[in-house]
Participant: 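Quick one: the structure is below, questions incoming.
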Amino acid sequence: MYTEMREAVVLGDAARARRLAEGVVSGGGDLLAAIEKGFAAGIRKVGDLWEEGEYFLPELVQGAEAMKAAMAVLQPALRERHAETSKGRVVIGTVQGDLHDIGKTLVATLLSAGGFEVEDLGSDVSVDRFLERAKENGADIIATSALLTTTMPVQKAIAEAIPKMGLSRPPRLLVGGAPTTSSWAKEIGAAWAENALRAVAVAEGLVGAGRRP
Ligand code: B12
């Protein structure tokens, strides 16, 4: 079944990806495994084929669309199954100038499944918008994704802006995305996780693994 999911994304077949996702949900299957071993494995393969020059932009976009079709079904189901008291609030988005949102959406999904209240701002999100939503939301964590080396500096700008928000308990910054590294995060004073599963553990560490008062 995971092979079929992977294939649906690699072939860019959104209708099939959606049907397979619906099957896991209605059959009470393991949603996280479907994401990790199935659909996300597919999009990683699409990435490899693109880098090898086997795939071009249309195949890439179709693969991304198939992945999103599956996630649209899996995300609400994950939230329903894992409804529990909040571990903390997260405002997440892909930084300004960057439209890559597959990894960010995976991180958002797993954070919600892991018990966080997540507000997903989408992609191409400005520094001001991150700060504004984090302030209004009383966010514990601002999580930002950057997939382009040219958009990584926006993560730094957010890191520099957080202390100027004038909050007694400012949000912590969590950064990620393929070109980011732990040393980049260290340099800008943020936390880092290399994938969506690790992001949950790191976020738990940032909020002290405790519930909000
Ligand atoms: C799919 C894709 C696209 C799709 C995006 C569709 C979408 N809606 O997201 C489309 C076709 C639109 C696209 C466009 C472009 N792309 Co593109 N794209 C990719 C590709 C193949 C896969 C990205 C992906 O989705 N990976 C799968 C997900 C699951 O992985 P991920 O994003 O890395 O996320 C994981 C971790 O990084 C982490 N993570 C991610 N975010 C966060 C956030 C936090 C807080 C944390 C803790 C962790 C975390 O957890 C995730 C899950 O485990 C990559 C190649 C690659 N190998 O990364 C190129 C790539 C990122 N793209 C690239 C480029 C150049 C572009 C374009 C400029 C191409 C062009 N000439 O038009 C445009 C830019 C558009 C823009 N302004 O953003 C380059 C970037 C080069 C660079 N060094 O900057 C790459 C690396 C390809 C390459 N080798 O050249 N792209």
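Remember, it's 1-based here, ligands and their atoms both numbered in the order they're listed. Because the structure is a prediction, the values reported are computed rather than measured.
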Participant: Within this structure, what is the CG-OG1 distance for the pair Leu147 and Thr94, rounded to the nearest 0.5 Å?
Facilitator: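 Output value for this atom pair is 7.0 Å.
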Participant: Return yes when at least one protein heavy atom is under 4.0 Å from atom 44 (C) of ligand 1, and no when none is.
Facilitator: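 Yes; the ligand atom in question has protein heavy-atom contact below 4.0 Å.
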Participant: Should one rank Arg44, Glu65, Glu51, Glu36 by closest heavy-atom distance to atom 56 (C) of ligand 1, which comes out on top?
Facilitator: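 Residue with the shortest heavy-atom distance to the ligand atom: Glu51.
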Participant: If the cut-off is 4.0 Å to any non-hydrogen atom of Ala64, which atoms of ligand 1 fall inside it?
Facilitator: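 By the 4.0 Å cutoff, the relevant atoms are 6 (C).
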Participant: Look at the side chain of Lys87 and the backbone N and O of Val207, then say whether any donor-acceptor pair between them is shorter than 3.5 Å.
Facilitator: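 It does not hold such a pair.
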Participant: Could you see which bit of Ala193 sits under 4.0 Å from ligand 1, with heavy atoms only: side chain, backbone, both or neither?
Facilitator: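 It is both backbone and side chain that touch ligand 1.
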Participant: At a non-hydrogen distance cut-off of under 4.0 Å, which region of Leu174 contacts ligand 1 (side chain, backbone, both, or neither)?
Facilitator: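 Within the 4.0 Å criterion, Leu174 contacts ligand 1 through backbone and side-chain atoms alike.
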Participant: With a cut-off of 4.0 Å, which atoms of ligand 1 are near a heavy atom of Asp98?
Facilitator: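 Those of ligand 1 that fall under 4.0 Å from Asp98 are 78 (O).
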Participant: Heavy-atom pairs closer than 4.0 Å: do any link ligand 1 to the side chain of His100, the backbone, both, or neither?
Facilitator: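 Both of them.
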Participant: Do the side chains of Val118 and Arg89 get nearer than 4.5 Å, heavy atoms only?
Facilitator: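 Answer no - side chains too far apart.
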Participant: Given side-chain contact (heavy atoms from CB on, under 4.5 Å), test Leu49 with Val10 step by step and report yes or no.
Facilitator: CA-CA 9 Å; Leu49 290 168; Val10 173; 4.1 Å; yes
Participant: If the contact criterion is a heavy-atom separation under 4.0 Å, does Lys68 count as touching ligand 1?
Facilitator: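 So Lys68 counts as touching ligand 1.
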Participant: Does only the side chain of Leu148 get under 4.0 Å from ligand 1, or the backbone, or both, or neither? Count heavy atoms.
Facilitator: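 Near ligand 1, Leu148 shows its backbone as well as its side chain.
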Participant: Does the N or O separation between Leu106 and ligand 1 drop below 3.5 Å for any pair?
Facilitator: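 In this structure, Leu106 places no N or O atom under 3.5 Å from an N or O of ligand 1.
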Participant: Could you tell me whether Thr144 approaches ligand 1 through its side chain, its backbone, both or neither, with non-hydrogen atoms closer than 4.0 Å?
Facilitator: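 Answer for Thr144: backbone.
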Participant: State whether a side-chain donor-acceptor pair under 3.5 Å links Trp184 with Gln155.
Facilitator: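 The answer is yes; a qualifying pair exists.
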Participant: For Asp98 and Leu148, indicate whether the former's side chain and the latter's backbone hold a donor-acceptor pair under 3.5 Å.
Facilitator: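 Such a contact is found between Asp98 side chain and Leu148 backbone.
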Participant: Any idea which heavy atoms bring Val175 and Ala185 closest together, and the distance?
Facilitator: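 Reported closest heavy-atom pair: CG2-CB, 3.9 Å.
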Participant: Would you say atom 24 (C) of ligand 1 has a protein heavy atom nearer than 4.0 Å?
Facilitator: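 It does not: no protein heavy atom is found less than 4.0 Å away from atom 24 (C) of ligand 1.
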Participant: Between Lys37 and Asp30, is there a side-chain N and carboxylate O pair less than 4.0 Å apart?
Facilitator: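 Salt bridge flag = no for Asp30 with Lys37.
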Participant: Within the structure, does Ala143 bring an N/O atom to less than 3.5 angstrom of an N/O atom in ligand 1?
Facilitator: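 No: no nitrogen or oxygen of Ala143 is under 3.5 Å from one in ligand 1.
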Participant: May I have the step-by-step check of salt bridge (charged side-chain N to carboxylate O under 4.0 Å, His left out) for Arg133 and Glu136, ending in yes or no?
Facilitator: CA-CA 5 Å; Arg133 289 309 306 148; Glu136 281 181 24; 2.4 Å; yes
Participant: Using protein heavy atoms only, decide if any is under 4.0 Å from atom 88 (C) of ligand 1.
Facilitator: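 Under 4.0 Å from atom 88 (C) of ligand 1, at least one protein heavy atom found.
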Participant: Would you check if the side chain of Asn195 reaches a backbone N or O of Arg198 as a donor-acceptor pair within less than 3.5 Å?
Facilitator: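 Confirmed, Asn195 side chain pairs with Arg198 backbone.
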Participant: Can you name the one residue among Glu119, Glu117, Glu132 that meets side chain to side chain contact (heavy atoms under 4.5 Å, CB included) with Asn137?
Facilitator: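 In the set Glu119, Glu117, Glu132, the residue that makes a side chain to side chain contact (heavy atoms under 4.5 Å, CB included) with Asn137 is Glu119.
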Participant: Under 3.5 Å, N or O to N or O, is Thr150 touching ligand 1 that way?
Facilitator: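 It does not: no N or O of Thr150 is found under 3.5 Å from an N or O of ligand 1.
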Participant: What part of Val107 sits under 4.0 Å from ligand 1 if we count only heavy atoms: the side chain, the backbone, both or neither?
Facilitator: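 Contact part for Val107 vs ligand 1: side chain (C-beta onward).
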Participant: Looking at Gly47, which atoms of ligand 1 are within less than 4.0 Å of one of its heavy atoms?
Facilitator: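 Close to Gly47: 21 (C).
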Participant: For atom 10 (C) of ligand 1, state whether the nearest protein heavy atom is under 4.0 Å away.
Facilitator: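 Protein heavy atom within 4.0 Å of atom 10 (C) of ligand 1: absent.
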Participant: Could you check whether atom CZ of Arg44 has more than 12 heavy atoms from other residues, nucleotides or ligands sitting under 6.0 Å from it?
Facilitator: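 Result for CZ/Arg44: enclosed.
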Participant: Relative to the heavy atoms of Gly177, which atoms of ligand 1 are at a distance of less than 4.0 Å?
Facilitator: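 Matching atoms, with element in brackets: 37 (O), 39 (N), 40 (C), 41 (N), 42 (C), 49 (C).
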Participant: Please check atom 17 (Co) of ligand 1 for a protein heavy-atom neighbour under 4.0 Å.
Facilitator: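 Given the 4.0 Å limit, the answer for atom 17 (Co) of ligand 1 is yes, a protein heavy atom qualifies.
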Participant: Less than 4.0 Å from atom 72 (O) of ligand 1, is there any heavy atom belonging to the protein?
Facilitator: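 So far as the 4.0 Å threshold goes, atom 72 (O) of ligand 1 is out of reach of every protein heavy atom.
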Participant: Need the ligand 1 atom indices (1-based, order shown) with element for anything under 4.0 Å from a heavy-atom of Ile43.
Facilitator: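 Result: 27 (C).
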Participant: Answer yes or no for Gly97: is there a heavy-atom contact with ligand 1 below 4.0 Å?
Facilitator: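 True for this residue.
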Participant: Counting only heavy atoms, which portion of Glu194 has something under 4.0 Å from ligand 1: side chain, backbone, both, or neither?
Facilitator: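 Backbone only; the side chain of Glu194 stays clear of ligand 1.
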Participant: Against heavy atoms of Ala199, which atoms of ligand 1 measure under 4.0 Å?
Facilitator: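 Per the distance check, 47 (C).
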Participant: Measuring from the heavy atoms of Pro179, does anything fall under 4.0 Å of ligand 1?
Facilitator: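 False for this residue.
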Participant: Leu57 heavy atoms, cut-off 4.0 Å: which ligand 1 atoms fall inside?
Facilitator: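 Listed by number with element: 11 (C).
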Participant: Could you tell me whether the side chains of Trp192 and Thr180 share a donor-acceptor contact shorter than 3.5 Å?
Facilitator: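 Yes, because at least one side-chain N or O of Trp192 sits under 3.5 Å from a partner of the opposite role on Thr180.
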Participant: Have a look at ligand 1 and work out which part of Val46, if any, has a heavy atom under 4.0 Å from it: side chain, backbone, both or neither.
Facilitator: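 Contact part for Val46 vs ligand 1: neither.
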Participant: Just let me know how Leu60 lines up against ligand 1, side chain, backbone, both or neither, with a heavy-atom cut-off below 4.0 Å.
Facilitator: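 Side chain only; the backbone of Leu60 stays clear of ligand 1.
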Participant: Specify whether the nearest protein heavy atom to atom 2 (C) of ligand 1 is under 4.0 angstrom away.
Facilitator: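 Yes, there is a protein heavy atom closer to it than 4.0 Å.
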Participant: Under a 3.5 Å distance rule, please check whether Glu59 uses its side chain to pair with a backbone N or O of Phe56 as donor and acceptor.
Facilitator: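 Side chain of Glu59 to backbone of Phe56, a donor-acceptor pair under 3.5 Å: yes, one is there.
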Participant: Kindly identify the option in Ala196, Ser145, Gly103, Ala191 whose heavy atom sits closest to atom 31 (P) of ligand 1.
Facilitator: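 Selected option, by shortest heavy-atom distance: Gly103.
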Participant: How long is the span from the CZ atom in Arg169 to the CG atom in Asp140, to the nearest 0.5 Å?
Facilitator: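 Rounded to the nearest 0.5 Å, the CZ-CG separation comes out at 5.0 Å.
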Participant: Strictly less than 4.0 Å: does any protein heavy-atom distance to atom 82 (C) of ligand 1 fall in that range?
Facilitator: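 Yes; the ligand atom in question has protein heavy-atom contact below 4.0 Å.
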Participant: Between the side chain of Gln96 and the main-chain N/O of Val154, is any donor-acceptor distance below 3.5 Å?
Facilitator: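 No; judged by distance alone, with no hydrogens or angles, the pair does not exist.
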